[in-house]
2 protein chains.
Amino acid sequence: MAERDSDRCVSQTVRAQLRLRDLILSGDLRPGERISELQAVETTGASRTPVRMALVRLEEEGLLEAIPSGGFTVKAFSERDVLDSIELRGTLEGLAARFAAERGVSSRDLEPLKGCREEIDGLVQQDRISIEAFSSYVTLNARFHALLTELSRSPPLIRQVDRASALPFASPSGFVMTQSELPQAHETLLIAQDQHRVVIDAIENREGTRAEAIMREHARLASRNLRLVLKNKTHSDLLPGLALIRTAGD
Amino acid sequence: MAERDSDRCVSQTVRAQLRLRDLILSGDLRPGERISELQAVETTGASRTPVRMALVRLEEEGLLEAIPSGGFTVKAFSERDVLDSIELRGTLEGLAARFAAERGVSSRDLEPLKGCREEIDGLVQQDRISIEAFSSYVTLNARFHALLTELSRSPPLIRQVDRASALPFASPSGFVMTQSELPQAHETLLIAQDQHRVVIDAIENREGTRAEAIMREHARLASRNLRLVLKNKTHSDLLPGLALIRTAGD
DNA sequence: TTCCGGATCAATGTATACACGTACTTCATC
DNA sequence: GATGAAGTACGTGTATACATTGATCCGGAA
């Protein structure tokens, strides 16, 4: 079998997991649809054992739901589920920011976060933000949130934040690309970046409550974007996983 | 093979998972120790396939850690890890209480929670609380917390609360039994029960912030108990999983 | 004596065969 | 014609054999 180089390095289990996740998030596997192991075996090229392993992991990830009599279906999410997932992620990031502020962070440890913020500054202060700039923003924003979470220095919390951010529409950068063509895009990025600035300031001054509150509010920017995207369902292709959200119309 | 009746009903995977979890929480498998699949096969009586399944689930549960080169080790927790896990659980329960308060709960839906609270009242208002009463409290307290979380009517949140409560020392009822022989035991139960009363009141009056704050504080009772238990390591047998906590002395 | 390299062994990753349970379809009877 | 029961087929749960990778130990050379 002619395999791509990138595929030969990783285990069959991981390959199957990545492939199946793609199929789910792209909408090729519809919400509510049962996933047949044999069908998954054909699709992924791996045998049943790694496929079953991948299915279990995708269930823990939240993309699949176990059927009591055996097997899995693709999970469907209501708009409320997604909004709650975003609020949840914001709450956990808020806790991380509070931990960082209350426990104190050395200026040395704060350096990477500040550097990341400055890089984002360079992007959002342009007059016109290109699509490539949005793409860079996604990467930098993900790094900012990861660095911030790590400042809590709490492995259990970091673990939970990661799990809460696993669903693409709940992740910190989930709705950035979808908003790229909305009229208020630039304004939103400026506000988000100001919140980044505020949370660093709060952590430096050991203002735990302030740090927590601003991260919660920060997540609500994503909620706003979700509502906008669902209202005019135009840029669905920019957010993998949007196919899993069943709206009232469906 | 002579099997117990209870074992014949469930799958080998679940049996292996339960057995391995017992071994880990009881301390038979030491923190940091590598878990051999073959050894686990001998212990559980299941074959390698369900054992591997169980190991993956226990990893997601947080009791095991994956080794990059393959296999798993038993996870070790610092005192800080445990305190953070409790704070995390309290934060999520606080969010659930806030959701319930803000979104409103009908008096009909609130009935089970109030009934549960009254049952607990019957226990804690005795002059002397027997060990059996403590045991009943554990059950009722677990039910109270489960009912409360469900009032959020948010599947994603309920899911995360359950996961955060999976570790025995992070669960709402984790430290109840350990405190049963401490002098301040009765006082602690009275305080905890008052917090139960307050959160119901807050939800009824749609006071979201109050409901959230009281649940966070409620979890901190568990933190207090943890510190007491670790100070005089006497009642270790009353909390499965205490063997996973490595203190400075180890 | 120490370090590097190769070989052997063990443990995990993978594949497949088999068994059991469930669901669906068909036939018979009411 | 409809309903119930039985049989068949499909799909998951389990077991085991095989392959592959990583670790350890021993030997030789510097």
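Letters go in sequence order (proteins before strands), and every chain restarts at 1. The basis for the numbers below is simple: all heavy atoms, side chains too, and nothing from hydrogens, waters or symmetry mates.
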Trainee: In whole angstrom, give the distance that lies between atom CZ of A:Arg57 and atom C1' of C:dG13.
Mentor: 12 Å

Trainee: Applying a 4.0 Å non-hydrogen cut-off, can you work out what B:Thr49 is touching in the nucleic acid: base, sugar-phosphate, or nothing?
Mentor: base

Trainee: Answer yes when B:Glu87 and B:Arg220 have at least one side-chain N-carboxylate O distance shorter than 4.0 Å, and no when they do not.
Mentor: yes

Trainee: Assess whether atom CZ of A:Arg30 is packed by more than 12 heavy atoms of other residues, nucleotides or ligands within 6.0 Å.
Mentor: no

Trainee: Let me know the distance between CD of A:Glu37 and C1' of C:dC18, rounded to the nearest Å.
Mentor: 15 Å

Trainee: Taking for each residue the nucleotide of DNA chain D with the nearest heavy atom, is it B:Ser69 or A:Phe72 whose nucleotide lies nearer the 5' end?
Mentor: A:Phe72

Trainee: How many whole angstroms separate atom CE of B:Met53 from atom P of C:dT14?
Mentor: 13 Å

Trainee: In sequence, state the C-alpha distance, the side-chain angles, and the governing distance for B:Glu61 and B:Arg21, and then conclude on salt bridge (Lys or Arg N to Asp or Glu O under 4.0 Å).
Mentor: CA-CA 10 Å; B:Glu61 199 172 315; B:Arg21 188 195 283 136; 2.8 Å; yes

Trainee: Report the distance from atom CD of B:Gln39 to atom P of C:dT12, rounded to the nearest whole Å.
Mentor: 10 Å

Trainee: Between C:dA11, C:dG13, D:dT14, which nucleotide gets closest to the side-chain atoms of B:Ser47?
Mentor: D:dT14

Trainee: Round to the nearest Å and state the distance from A:Ile67 atom CD1 to C:dA23 atom P.
Mentor: 10 Å

Trainee: Which nucleotide, C:dT12, C:dA15, D:dT12, lies nearest any side-chain atom of B:Arg52?
Mentor: C:dT12

Trainee: Expressed in angstrom and rounded to an integer, what is the separation of B:Gln17 atom CD from D:dG13 atom P?
Mentor: 14 Å

Trainee: Please indicate whether B:Arg117 has more than 12 foreign heavy atoms, meaning atoms of other residues, nucleotides or ligands, lying under 6.0 Å from its CZ.
Mentor: yes

Trainee: Give the intermediate values and the outcome of salt bridge (Lys or Arg N to Asp or Glu O under 4.0 Å) for residues B:Arg159 and A:Asp81.
Mentor: CA-CA 11 Å; B:Arg159 182 180 156 88; A:Asp81 288 339; over 6 Å; no

Trainee: Across the strands shown, which category fits B:Leu55 at heavy-atom distances under 4.0 angstrom: base, sugar-phosphate, nothing?
Mentor: nothing

Trainee: Tell me whether the side-chain N/O atoms of B:Thr13 come closer than 4.0 Å to OP1 or OP2 in D:dT14.
Mentor: yes

Trainee: Between C:dA15, D:dA15, D:dG11, which one does the side chain of B:Pro50 approach most closely?
Mentor: D:dA15

Trainee: Would you kindly give the CG-to-C1' distance between B:Leu38 and C:dG13, to the nearest whole Å?
Mentor: 13 Å

Trainee: Between B:Arg48 and B:Arg34, who's closer to the 5' end of DNA chain D by nearest nucleotide?
Mentor: B:Arg48

